[in-house]
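Inspection log for the structure reproduced underneath, given as structure tokens.
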Amino acid sequence: MKKIFSISLTLLLLIASFGLAVTYIVGTSADFPPFEYVQNGKYVGFDMDLISTIAKTEGFNVEIRDMSFDSLIPALRSGVIDIAIAGMTITKDRSKVVDFSDPYWFADQDVIVNKNSNYTVTVLFGNHKIGVQTGTTGDLWVSDNLLKAGFIKQNNLKRYQSFIYSLQALLNGAVDAVVLDSPVAKRFAQMRPVKVVATLMTGESYGIAVKKGNSRLIDQINDGLKKLKASGEMSKLIDKYFGK
Ligand code: GLN
């Protein structure tokens, strides 16, 4: 009898401990240093630390899933992932289909070219090939301001699934310039033989996204963000990845 009691108690405790800490699947696109990238086979970066610190503060677990940036919103909508964190800009169109946390970072778009080239901002006009990552705000900016405005031809806009591919295309001469988020452009310019020749002041804010209507989760994330700012942990993370 005693044995049965202790077995059921253990089972109960097990169920309770599993029940307490829910695991959320977090989608990212790990080609965006210093926000998310792969190092020694692990997903690391500012966003990765940010979401795991929020999770710790709010008492949930996270499991990271890497995917292409343009799959993140469909994956949230279909429930394949619970949270998306990927240096994702809060835009009006995206806000119609997912819910965003409070902003946690600000960015513009930068234009990068090969370090040894003589290109300036005028690379964006005329017969040059421009690389972007599919579905990003860089893609939207080039599509709206250059393509639709008639400054570049359709076949001069090259869309890549990953920034790593667009960077490779730049390095091997398949494109003349790449338009991408300013903090990431600056990081690539430190890591690879590329340089920033212009900044497009798009004034973007990054948010963490969840499925539309999941207010419980978004409240937890916002609460976590507030607590990290108040405790100074946010500044520590900024120092760690942006070295201020
Ligand atoms: N901030 C940009 C966007 O939201 C790019 C994000 C990314 O490529 N990870 O579209």
Side-chain angles (χ1 to χ4, degrees), residues 23-58 60-76 80-91 94 98 100-110 112 131-139 159-168 178-192 194 204-211 217-218 221 224-225 228 233-244:
T23 297
Y24 289 123
I25 309 294
V26 176
T28 195
S29 181
D31 63 346
F32 207 59
F35 294 94
E36 39 269 330
Y37 53 103
V38 181
Q39 198 170 58
N40 303 325
K42 287 210 175 92
Y43 299 119
V44 296
F46 180 85
D47 283 348
M48 301 295 95
D49 281 2
L50 182 61
I51 197 64
S52 57
T53 318
I54 292 174
K56 215 194 253 166
T57 313
E58 297 296 318
F60 57 84
N61 297 318
V62 289
E63 196 184 302
I64 306 296
R65 288 275 159 84
D66 188 24
M67 53 186 74
S68 67
F69 183 78
D70 63 340
S71 309
L72 288 167
I73 289 184
L76 271 180
V80 169
I81 58 172
D82 302 296
I83 298 171
I85 185 162
M88 188 181 279
T89 302
I90 303 170
T91 68
R94 291 174 183 164
V98 294
F100 281 104
S101 70
D102 295 334
Y104 67 90
W105 203 264
F106 300 95
D108 291 305
Q109 294 292 310
D110 274 356
I112 57 171
V132 295
Q133 186 183 24
T134 312
T136 58
T137 43
D139 183 3
R159 295 191 169 98
Y160 297 92
Q161 276 300 307
S162 150
F163 274 127
I164 307 298
Y165 297 142
S166 63
L167 195 69
Q168 265 163 14
V178 171
V179 176
L180 77 166
D181 292 40
S182 44
V184 180
K186 286 181 180 73
R187 187 53 51 105
F188 279 147
Q190 290 167 357
M191 295 161 51
R192 311 297 293 269
V194 298
E204 300 170 42
S205 309
Y206 292 171
I208 301 169
V210 302
K211 192 175 192 162
L217 185 52
I218 214 67
I221 292 172
L225 277 173
L228 297 197
E233 276 180 276
M234 188 74 159
S235 318
K236 273 193 209 146
L237 279 188
I238 297 173
D239 283 350
K240 180 172 170 190
Y241 288 101
F242 295 89
K244 279 182 200 147

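The model shown is predicted, which means the values in this text are computed figures rather than measured ones. Residue numbers start at 1 and run along the sequence shown.
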With sequence neighbours excluded, residues passing side chain to side chain donor-acceptor pair (under 3.5 Å) with [X]:
| X | value |
| --- | --- |
| Glu204 | Thr89, Gln109, Thr137, Thr202 |
| Tyr37 | none |
| Asp70 | Ser68 |
| Gln190 | Arg187 |

Closest approach of [X] and [Y], non-hydrogen atoms and distance?
| X | Y | value |
| --- | --- | --- |
| Pro33 | Met191 | CG-SD, 4.3 Å |
| Ile54 | Ile208 | CD1-CD1, 3.9 Å |
| Ile64 | Ile51 | CD1-CG2, 4.5 Å |
| Glu36 | Ser29 | CG-O, 3.3 Å |
| Leu72 | Ala86 | CD1-CB, 3.5 Å |
| Ala30 | Asp66 | N-OD1, 2.8 Å |

Run the side-chain hydrogen bond (donor to acceptor under 3.5 Å, both in side chains) check on Asp47 and Tyr206 step by step: do they pass? CA-CA 10 Å; Asp47 283 348; Tyr206 292 171; over 6 Å; no
Can you tell if the side chain of [X] reaches within under 4.5 Å of the side chain of [Y], non-hydrogen atoms only?
| X | Y | result |
| --- | --- | --- |
| Ile73 | Met88 | yes |
| Tyr104 | Ile85 | yes |
| Phe100 | Ile218 | no |
| Met67 | Ile81 | yes |
| Thr136 | Leu180 | no |
| Thr23 | Asp82 | no |

What's the separation between atom [atom1] in [X] and atom [atom2] in [Y], rounded to the nearest 0.5 Å?
| X | Y | atom1 | atom2 | answer |
| --- | --- | --- | --- | --- |
| Met48 | Leu237 | CE | CG | 11.5 Å |
| Glu233 | Lys56 | CD | NZ | 7.5 Å |
| Ile25 | Glu63 | CD1 | CD | 4.0 Å |
| Arg192 | Leu167 | CZ | CG | 5.5 Å |
| Leu225 | Thr53 | CG | OG1 | 10.5 Å |
| Asp31 | Ser166 | CG | OG | 8.0 Å |

Which of these, Tyr241, Phe69, Trp105, sits in a ring pair (Phe, Tyr, Trp, His ring centres under 6.0 Å) with Phe35? Trp105
Applying side chain to side chain contact (heavy atoms under 4.5 Å, CB included), can you list everything that pairs with Pro103, at least two apart in sequence or on another chain? Ile90, Phe106, Ser205
Tell me every residue that passes side chain to side chain contact (heavy atoms under 4.5 Å, CB included) with Ser52, counting only those two or more places apart in sequence or in another chain. Val62
Contacts of Tyr24 that satisfy ring-ring contact (aromatic ring centres under 6.0 Å, His included) - sequence neighbours left out: Phe60
Check ring-ring contact (aromatic ring centres under 6.0 Å, His included) between Phe163 and all other residues, then give those that pass, not counting sequence neighbours. Phe32
Results of salt bridge (charged side-chain N to carboxylate O under 4.0 Å, His left out) for [X] - residues two or more places apart only:
| X | value |
| --- | --- |
| Lys42 | none |
| Asp139 | Arg159 |
| Arg94 | none |
| Asp110 | Lys186 |

Short question: side chain of Gln133, backbone of Tyr160 - any donor-acceptor pair under 3.5 Å? no
